[in-house]
Amino acid sequence: MENLISLVNKLQRACTALGDHGEESALPTLWDSLPAIAVVGGQSSGKSSVLESVVGKDFLPRGSGIVTRRPLVLQLHRIDGDREYAEFMHQPRKRYTDFAAVRKEIADETDRETGRSKQISPVPIHLSIYSPYVVNLTLIDLPGLTKVAVEGQPDSIVQDIENMVRSYIEKPNCIILAVSPANQDLATSDAIKISREVDPKGERTFGVLTKIDLMDKGTDAVDILEGRSYRLQHPWVGVVNRSQQDINKNVDMIAARRRERDYFSSTPEYKHLAPRMGSEYLAKMLSKHLEQVIKSRIPGIQSLITKTIAELETELNRLGKPIANDAGGKLYTIMEICRMFDGIYKEHLDGVRPGGEKVYHVFDNQFPVAIKRLQFDKQLSMENVRKLITEADGYQPHLIAPEQGYRRLIESCLVSIRGPAEAAVDAVHAILKDLVRKAISETHELKQFPTLRVEVSNAAFESLDKMRDESKKNTLKLVDMECSYLTVDFFRKLPQDVEKGGNPSHSIFDRYNDSYLRRIGQTVLSYVNMVCATLRNSIPKSIVYCQVREAKRSLLDHFFTELGAREMKQLSKLLDEDPAVMERRTNLAKRLELYRSAQAEIDAVAWSK
């Protein structure tokens, strides 16, 4: 299940890199469909301390007023060993082992986006923390809700923060972590108030109660923690954070967690709740819940991705393929770049570069498993065998063996093999398309000419689509051949029945006894299994011949033919383009690449399961 959280982490980072972080955009957004946990709370609610307790490190900026002014996407990765380090997405090659430097970089990166004013920005900061002491989890820390603007901030800051928080938590895929201090009336909690507005039934909300140890003497939070004061679908979790004095004295998190455990286990009011209290329990519970939510949302995300890919491809086609240019030198340059791409693509298929081995995995693993999963119970049930045998006889019962009934039963079983056969074709097609994307990204010269890159990519995909269609026709023909002509020797070698079956004195619908019909079903199943074994070998050969072999031989042949017929002015447009159109096409191509990459990532997780 851990790979599900890793999958969403990758997609979130890719979205942010392309400027897709849920803001209003003319382009489709993937960010909104990804499950996430948003941390909501008022200023001084202990929200930052909860996050630091979950991580076990001091790493968040502190101060008066609004400290968190940009969403912080915090991705925790559990690793082996004893090393702990952090990485920012905007500094991909830099590792931080000093978490005080992480705190400073968060503040500096916030200032880079918002300036040194106290403005807020919806553009998230991505921080990944790798440690053997964390659980796999992703949290989004949002600016603290406030009721008053401080000096240097516009009066609209209160509403701006609320709008930003609401834009995250109102989405149905968002899990809300509502942080409220126990030493204040829950009815006045900013987190509970806004959570109730977007999630009135409390189905997506987890309540976290902080500062339990700071409550007035003679009072406790048992009614809240047991769900009597304010009921949510999920249990409340109480935490005891470090005090300001602890922070000033640099009390480490290990000691703070130990003190937290001791507090709940030794306090009479909370002793019975101790196993499900504390920041460690909170982290594990959220990680498990996030995995479950991601798993349930995968089909919807796949549907969105498929739909959006079609929309993006339509939009790219609407913009039109750049009219080509040139003769002579420019034509030679374009041809050389295409040959470089073609050479890299062949290296992937031939094993010089990675990727081609995935085709063999389809033949050796996915396709045989899909065939084994075929269920012939429905076709070979006693009722269906009886029905097809009697119907095939027509008005006159068979004399020796129900040949037509056998044929109909066998055909009804063999036709189901078309599904795995088509799936194998599509799986190899997806691999070949993915290798095209890899080869394009590895062809440095194509990056220089976005227009040519798009056109080569489209040409390659169009060729692969035609190869896939031809492969599907030939592969399905193999199945249809088995349906249209049965192997006679198989039946000749079967032991002959002494009893020919049936009692003429019975009606046509009950003249065959169960033993006879069961023997027919077993015979048909044996024949179908023999055919499956044959097709397991012949279908991969057909796919390789029609798709892999053709992709190596003629991936860009049609593109080259068209290229030779273009005039000089047309060819030069392949190497140059109107800046506005180029930017639009580039943005669409990148967004399309994101969705194709997302599709490949999700498919990889689905296949692995």
Side-chain angles (χ1 to χ4, degrees), residues 1-38 71 73 75 89 122-124 126 138-140 164 166-176 198-199 203-204 289-319 422-423 426-427 429-431 433-434 436-437 454 457-458 461 464-465 468 584-609:
M1 292 288 286
E2 291 179 1
N3 56 355
L4 293 176
I5 293 180
S6 298
L7 167 67
V8 172
N9 287 349
K10 289 180 184 177
L11 298 184
Q12 284 177 332
R13 288 195 293 269
C15 286
T16 300
L18 292 178
D20 173 5
H21 36 79
E23 81 289 5
E24 290 297 321
S25 171
L27 297 172
T29 176
L30 178 60
W31 177 279
D32 290 346
S33 69
L34 299 176
I37 300 176
V73 180
Q75 297 177 344
M89 194 186 75
V123 180
H126 276 260
T138 300
L139 300 165
I140 302 176
M164 181 193 293
R166 194 183 299 275
S167 71
Y168 275 84
I169 66 174
E170 68 185 0
K171 292 165 183 146
N173 292 313
C174 181
I175 301 162
I176 307 168
V198 299
D199 182 30
E203 295 173 342
R204 298 185 287 114
H289 183 74
L290 182 59
E291 289 171 351
Q292 293 171 345
V293 172
I294 292 171
K295 185 177 180 180
S296 68
R297 297 289 193 275
I298 287 293
I301 296 173
Q302 286 176 310
S303 177
L304 170 71
I305 289 172
T306 301
K307 178 175 177 290
T308 306
I309 285 175
E311 292 174 353
L312 289 170
E313 288 175 336
T314 300
E315 177 65 6
L316 276 171
N317 290 333
R318 188 191 69 78
L319 289 175
E422 286 187 283
D426 290 335
H429 177 64
I431 292 169
K433 289 180 75 172
D434 185 54
V436 166
R437 289 189 281 273
V454 170
S457 174
N458 289 342
F461 289 149
L464 291 177
D465 288 345
R468 175 201 57 193
R584 176 65 176 167
R585 182 181 283 105
T586 301
N587 288 338
L588 286 172
K590 285 182 178 179
R591 189 60 59 94
L592 182 58
E593 190 173 346
L594 163 65
Y595 277 81
R596 284 173 174 162
S597 173
Q599 189 177 56
E601 294 280 2
I602 292 176
D603 287 346
V605 172
W607 276 116
S608 69
K609 294 168 63 179

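Just so you know, these numbers come straight off a predicted model, no measurement behind them.
- Atom CD of E313 and atom CD of E315 lie 12.0 Å apart (nearest 0.5 Å).
- Rounding to the nearest 0.5 Å gives a distance of 12.0 Å between CG of L316 and CZ of R591.
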### Message
What verdict does the side-chain contact (heavy atoms from CB on, under 4.5 Å) test give for I37 and T138, after you've listed the backbone C-alpha separation in whole Å, the side-chain angles of each residue and the deciding distance to 0.1 Å?
### Response
CA-CA 7 Å; I37 300 176; T138 300; over 6 Å; no
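- Side chains of Y595 and K307 form no contact here, defined as non-hydrogen atoms less than 4.5 Å apart.
- Atom CD1 of residue I169 and atom CE of residue M164 lie 13.0 Å apart, to the nearest 0.5 angstrom.
- Within the 4.5 Å cutoff, side-chain heavy atoms of H429 are placed close to those of D465.
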### Task
Take R468 and L464 through the side-chain contact (heavy atoms from CB on, under 4.5 Å) test and state the conclusion after the steps.
CA-CA 6 Å; R468 175 201 57 193; L464 291 177; over 6 Å; no
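- When all heavy atoms of P172 and R297 are compared, the closest pair comes out as O-NH2, 3.5 Å.
- Between atom CG of residue L312 and atom CD of residue E593 there is a gap of 12.0 Å, rounded to the nearest 0.5 Å.
- Here the side chains of C174 and D199 are not in contact, with every heavy-atom distance at 4.5 Å or above.
- Considering all non-hydrogen atoms of both residues, Q75 and H126 come closest at NE2-ND1, 3.9 Å.
- Between S597 and R437, the closest side-chain pair of non-hydrogen atoms is not below 4.5 Å.
- Checked by atom type and distance alone, the side chain of S303 never pairs as donor or acceptor with a backbone atom of G300 at under 3.5 Å.
- Residues I176 and V198 form a side-chain contact, since some pair of their non-hydrogen atoms from C-beta on lies under 4.5 Å apart.
- The one candidate from V454, T308, I309 that meets the side-chain contact (heavy atoms from CB on, under 4.5 Å) condition with L592 is I309.
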### Query
So F461 and R596, side-chain contact (heavy atoms from CB on, under 4.5 Å) or not? Walk me through it.
CA-CA 12 Å; F461 289 149; R596 284 173 174 162; 3.0 Å; yes
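- Contact record, P71 with I140: CB-CG2, 4.3 Å, taken as the closest heavy-atom pair.
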